[in-house]
Protein chains: 4
Amino acid sequence: MLENTIKDIQNLSKKGLETRAKILNAAEKVFGEKGYYEASVVNITQEAEVGQGTFYNYFESKKHVYDELIQQYSRELRITIKEEMKKAITHEEAQRYGFKAFFNWVKDHPALYSIVQQAVVVDQELYRWYYNKLASGFLKSLSQGVQEGEFRETHLETVAYCLMSIGQFLGMRWVFWEGQDVPDEVFDAAMTLVFKGIKKH
Amino acid sequence: MLENTIKDIQNLSKKGLETRAKILNAAEKVFGEKGYYEASVVNITQEAEVGQGTFYNYFESKKHVYDELIQQYSRELRITIKEEMKKAITHEEAQRYGFKAFFNWVKDHPALYSIVQQAVVVDQELYRWYYNKLASGFLKSLSQGVQEGEFRETHLETVAYCLMSIGQFLGMRWVFWEGQDVPDEVFDAAMTLVFKGIKKH
Amino acid sequence: MLENTIKDIQNLSKKGLETRAKILNAAEKVFGEKGYYEASVVNITQEAEVGQGTFYNYFESKKHVYDELIQQYSRELRITIKEEMKKAITHEEAQRYGFKAFFNWVKDHPALYSIVQQAVVVDQELYRWYYNKLASGFLKSLSQGVQEGEFRETHLETVAYCLMSIGQFLGMRWVFWEGQDVPDEVFDAAMTLVFKGIKKH
Amino acid sequence: MLENTIKDIQNLSKKGLETRAKILNAAEKVFGEKGYYEASVVNITQEAEVGQGTFYNYFESKKHVYDELIQQYSRELRITIKEEMKKAITHEEAQRYGFKAFFNWVKDHPALYSIVQQAVVVDQELYRWYYNKLASGFLKSLSQGVQEGEFRETHLETVAYCLMSIGQFLGMRWVFWEGQDVPDEVFDAAMTLVFKGIKKH
DNA sequence: AATGAATGAGAGTTCATTCAT
DNA sequence: TATGAATGAACTCTCATTCAT
C-alpha cells in the first residue's frame, strides 16, 4: 500500500522478477568491466536489453543496484566459504579449504570481485562493512581453533585481519590479475607461512 | 620567451612552483576527502584559492594531477621505508622498522593513502604498478635475509605479497579507519605471526 | 527496446522526428544569423525550445548538425535547379532557368546560403565537395549543349566553374546582401555576357 | 598623449616595429593554417617567438590583427594588380594581366587568400567591403574600355562582378586548392569566354 | 509492466585578455 | 619594451533521473 512504485522485491510478478534479475546481471557485468563511475545506466539497460525507464521501476538509483550487488555477493561468498570449511576435519584444513573456496570464487566472479574493490571509492562505509563482515568469519573459525588447542593464543582479531589480507592479495595478484588459479607453490608457501605462525607447535 | 603555457615542471618561476604546489596540495586534500570522481576541478581550485583556469596552466587534466600524486607518494613512501629499515641490524628488525614506517606514513598522509586505494577504480594499471613496486621492495629485503641465513627458503614472491598485504590491511584497519597508531598488541601479534612463519628456527 | 539513445534517423517516433526537425530548423536560423562559431548549442536549443540535453539525443555534436544542413541543402538545391532546367527547350534557356532557380533559392533560404559559405572556415573539405558537386551539374548540362551543337567547343570544366562563380557572386551581391531579386538588367547583362561567350555563333 | 599603451603605429621605436611585424607575419601564417577561430593568440605568439603579453602591446585584440591583415592584403593586392595592368596596351590585355597578377598573388600568399575567405564568417561587413573594393577596380578599368570603344555597352557593375567572380573561383579551384598555376588551357578558355562576351565585335 | 523522449545540473576544459613585474 | 602567470566567462557534452504514454 505504501509503495506503489515497485522496488519492493515482494509483490513482484514472475516476469517482474525476471526483469529485475536481468538488470542485476547486466549491472554486475557492466560495473565489472567499466567500473562504477564509467558505467552509465544506459550501459546497463542496453546490456540488459530493457528500456531506460525500466531500470527505475526496479531500483531507486544507480547506487542502489550497486549496494545490492555487494550485499548479495558478500552473503553468497561467506556462505560458500563456510560450506567448504565444514568439510574439513582439523582447523588448519578448514582454513585451507576456506582460502581455496575464496580463490575459486574470485575466479568465477571476477566482476563481483572488482565491484567490491570499487567500494573503496564508491562507498567507504560499505567497504568497511564488507571487510569487517569477512574478518569476523575468520575470527570465529580461529577462536574455535584456539579453544580446541590447535592454534596458539594470540590477538585473534589481528590474525583474522592478517589471514583475510593474505587471501585478498593473493586472490588479486594471481587470480584476478592473471585470471588463473593460485599456483600450488604459491598456495603452499602462503599456507606454510600462516600455519607456522599460528599453530601451537 | 617561447614557452607560455606551462605544464613543464622545469623552467617554472618561483611563483609558478608555488602555485603548482598549492594546487597539488589542494588536490591531495580534495581527492582524499571526496574521492577522485566526486572531486571536481573547481573543488580543487577553490581549495587552492586560485582561478579555475590556473589549474590547466600546471596540469593537463584532472587525471594528470592524480597520477602525479600517486607517483610522488609511491616514491616518497618507498624512500621513507628504506631509510627506516637501514637503521636495523637484523632483517627481522628491518622488517619491523619497515612496517612501523609504513604505519606512520599512513597516519601522516591519510589522504594519499586513500588516493592510492582509489586507483583500483581510477586506473587499474597504476594500481598494479604501485603494488608491484611495493612488493618488489619487500622481495629484495627478504631475499637478503634468506641469503644471510636469517629467513628460511621459500617462495619469496608469495611471502613478499603476504607481508605487503598484512601491512596494507593493518594500516587500513587501525591507522586509516581509526586514525590512531597500530596498537602494540596488534603490532606484536602480527609480527610474531610473520616471523614465526619465515624465520629459520 | 534496445536503442534508447537515438541519433539514428530511422526508428524515430513521430514525436522524435518533430523534435529533430525543430532542432534542425533552429540550427539553420542560428547558424545563419550568428555564424557557426558564434552560435552555441544553447542558442540552438533555446531557439528550438527544447532542453540542452535534447540536442544530443538527436545529433552527436554541433558539427554534425552543420554537416547535415549542408548536405541536405546541397541535395535540395541541386534537385530544384535540375527540375527547373527540365522545363526549357534550348540549352541556353535551360541555363537561364537554372540561374533563376538558384537566385530564388538563395532568396528563400538566405540562412542556408550563408551556412554553405561558412564551410570555407568550418570544413574546407565539405566546401570543396559542395562546389565540385555543383560544378559537375553545370558541366553535364554544358557538354550536352556542345554535343547538340548549341555551344562551341572549349575547356568545359573551366566554363562550368565560370558559370557557377557568376551565379554565386550575383546571388551574393544582389540576393543575399540586398535581400531582393536579381534586377532584370543585371540578369540580362550577365546572361548576355555568358551566352555571347559560349554560343556557337 | 591620448594613447599611452602603444598600438599606435606612429611613435614606435625600430625594435617595436620589428616586433609588431613579427606578430603580424605569425598571425598571417597561423590564421592561414588553422583558420581564425581555431587559431589562438598563444599559437600566434609562439609562432612569433614573443611572450603572450607582447601581443597586446601592439594589437588591441585578436580581431584587430585580423582586420589589419585583410586591409593590408586588400591594399597590396589592388596595387599589384594595378601595376601589372599598366603594362598593357589594349584593355583586353590589361584585363589578362590583371587576372594573371591575381593568380600569382594567390599562389604567393595562400594564407592571406584563405584569411580573406574567412571573413565570410568572421566579419561579414569586412567581407563585403573587400569585394566591393575589388569590384570597383574592375569597374574602373571596364568603363575606360567602353569609353574608348573597345568593349561594348552593357551594365558594367554586373560585368565587373562577373569578372571578379571568375577570377576568384579559378584562383580558388586551380591555385589555392591545387597549389599550382592556372593551366594555360583554363586561362585561355576563361579569357575567351570573357572577351567574346564583352568585346565590341 | 515497460518504455524512451526530455531534461538540466554540472562536469572538464579552453582561451582572450589583464596586469604586476 | 617585454613578459608569462593568473583569471573567469563561456563552451561542448554527459548522464542520472522523471514522466507521459
Side-chain angles (χ1 to χ4, degrees), chain A residues 5-6 12-13 15-16 18-20 37-45 50-63, chain B residues 1-6 11-20 37-45 50-63, chain C residues 1-6 11-16 18-20 37-45 50-63, chain D residues 5-6 12-13 15-16 18-20 37 39-45 50-63:
Chain A
T5 23
I6 319 173
L12 270 187
S13 71
K15 197 185 176 198
E18 273 170 24
T19 306
R20 206 187 119 97
Y37 287 97
E38 298 296 332
S40 72
V41 172
V42 175
N43 293 152
I44 295 171
T45 55
V50 300
Q52 242 179 101
T54 308
F55 181 93
Y56 290 90
N57 291 338
Y58 295 97
F59 299 96
E60 277 176 36
S61 73
K62 185 183 167 185
K63 182 63 167 41
Chain B
M1 217 187 238
L2 250 141
E3 275 301 332
N4 333 43
T5 312
I6 315 172
N11 46 352
L12 269 189
S13 66
K14 200 187 156 204
K15 197 186 178 199
L17 280 169
E18 274 169 25
T19 307
R20 205 187 121 96
Y37 287 97
E38 298 296 332
S40 73
V41 173
V42 176
N43 293 150
I44 295 172
T45 55
V50 299
Q52 260 190 75
T54 307
F55 180 93
Y56 291 93
N57 288 341
Y58 295 96
F59 298 96
E60 276 176 36
S61 72
K62 183 182 166 185
K63 182 61 167 40
Chain C
M1 216 191 240
L2 251 141
E3 274 303 330
N4 333 42
T5 313
I6 314 172
N11 46 351
L12 268 189
S13 67
K14 200 185 155 207
K15 198 187 177 197
E18 274 170 25
T19 307
R20 205 187 121 97
Y37 287 97
E38 297 296 332
S40 73
V41 173
V42 175
N43 293 151
I44 295 172
T45 54
V50 299
Q52 261 191 72
T54 307
F55 180 93
Y56 290 94
N57 287 341
Y58 295 97
F59 299 97
E60 276 175 37
S61 72
K62 184 182 164 185
K63 181 62 168 37
Chain D
T5 24
I6 320 172
L12 271 186
S13 71
K15 197 184 176 199
E18 273 169 25
T19 306
R20 205 186 119 97
Y37 287 98
S40 72
V41 172
V42 175
N43 293 151
I44 296 171
T45 55
V50 300
Q52 242 177 101
T54 308
F55 181 93
Y56 289 90
N57 291 339
Y58 295 98
F59 299 96
E60 276 176 37
S61 71
K62 184 182 168 186
K63 180 63 168 39

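Numbers restart at 1 for each chain; the letters A, B, ... are given by sequence-line order, proteins then strands.
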(request) Examine E/dA2: is either OP1 or OP2 under 4.0 Å from a nitrogen or oxygen in the side chain of A/Thr19? Give yes or no. (result) yes
(message) Both C/Gly51 and B/Glu38 contact DNA chain E. Taking the nearest nucleotide for each, which residue is further toward the 5' end?
(response) C/Gly51
(message) How close do A/Arg20 and A/Phe59 get, counting heavy atoms only, and between which atoms?
(response) NH1-CE2, 3.5 Å
(request) To the nearest Å, give me how far apart CD (D/Glu60) and C1' (E/dT17) are. (result) 12 Å
(request) Rounded to the nearest angstrom, tell me the gap between atom CD1 in A/Ile44 and atom P in F/dC15. (result) 12 Å
(message) Quick check: on DNA chain E, is the nucleotide nearest D/Lys62 upstream (toward 5') of the one nearest B/Ala39, or the reverse? Name the residue that is more 5'.
(response) B/Ala39
(request) Would you please confirm or rule out a distance under 4.0 Å between OP1 or OP2 of F/dC15 and any side-chain N or O of A/Tyr37? (result) no
(message) Does any part of the side chain of A/Thr19, heavy atoms only, come nearer than 4.5 Å to the side chain of A/Thr54, both counted from C-beta?
(response) yes
(message) Using a heavy-atom cut-off of 4.0 Å across all strands, would you classify B/Ser40 as base, sugar-phosphate, or nothing?
(response) sugar-phosphate
(request) Please determine, for the side chain of C/Gln52, which listed nucleotide (F/dA16, F/dT12, F/dA6) has the closest atom? (result) F/dT12
(message) What is the separation between atom CG on C/Asn43 and atom P on F/dA10, rounded to the nearest whole Å?
(response) 12 Å
(message) Rounding to an integer number of Å, can you tell me how far B/Lys63 NZ sits from E/dG12 C1'?
(response) 15 Å
(message) In the structure I gave you, are the side-chain heavy atoms of C/Glu60 and C/Phe55 within less than 4.5 Å of one another anywhere?
(response) no
(request) Whole angstrom is fine here: how far is it from CZ in D/Phe55 over to P in F/dA5? (result) 19 Å
(request) Record whether the side chain of C/Asn57 comes under 3.5 Å of the base of E/dA5 through a donor-acceptor pair of N or O atoms. (result) no
(request) In whole angstrom, give the distance that lies between atom OH of C/Tyr56 and atom C1' of E/dG8. (result) 14 Å
(message) Requiring both pairing distances under 3.5 angstrom, list the stems that contain DNA chain E and are made of three or more consecutive Watson-Crick or G-U pairs.
(response) E:2-21 with F:2-21
(request) Check every atom of E/dA6, F/dC13, F/dT1 against the side chain of C/Ser61 and return the nucleotide holding the closest atom. (result) F/dC13
(request) Select one nucleotide: of F/dT1, E/dA6, E/dT3, the one nearest the side-chain heavy atoms of A/Val50. (result) E/dT3
(message) Which residues pass the side-chain contact (heavy atoms from CB on, under 4.5 Å) test with A/Ser40, not counting sequence neighbours?
(response) A/Val42, A/Asn43
(request) Starting from C1' on E/dA1, measure out to CZ on A/Arg20 and report it in whole angstrom. (result) 15 Å
(message) So, OP1 or OP2 of E/dA2: does either fall under 4.0 Å of a side-chain N or O from A/Tyr58?
(response) yes
(message) Could you tell me how far apart A/Phe59 (CZ) and E/dA2 (C1') are, to the nearest whole angstrom?
(response) 15 Å
(request) Report which part of the nucleic acid A/Gly16 touches: base, sugar-phosphate, or nothing (heavy-atom distance under 4.0 Å, all strands). (result) nothing
(message) Give me the atom names and distance for the closest heavy-atom approach of B/Lys62 to B/Tyr37.
(response) NZ-O, 3.9 Å
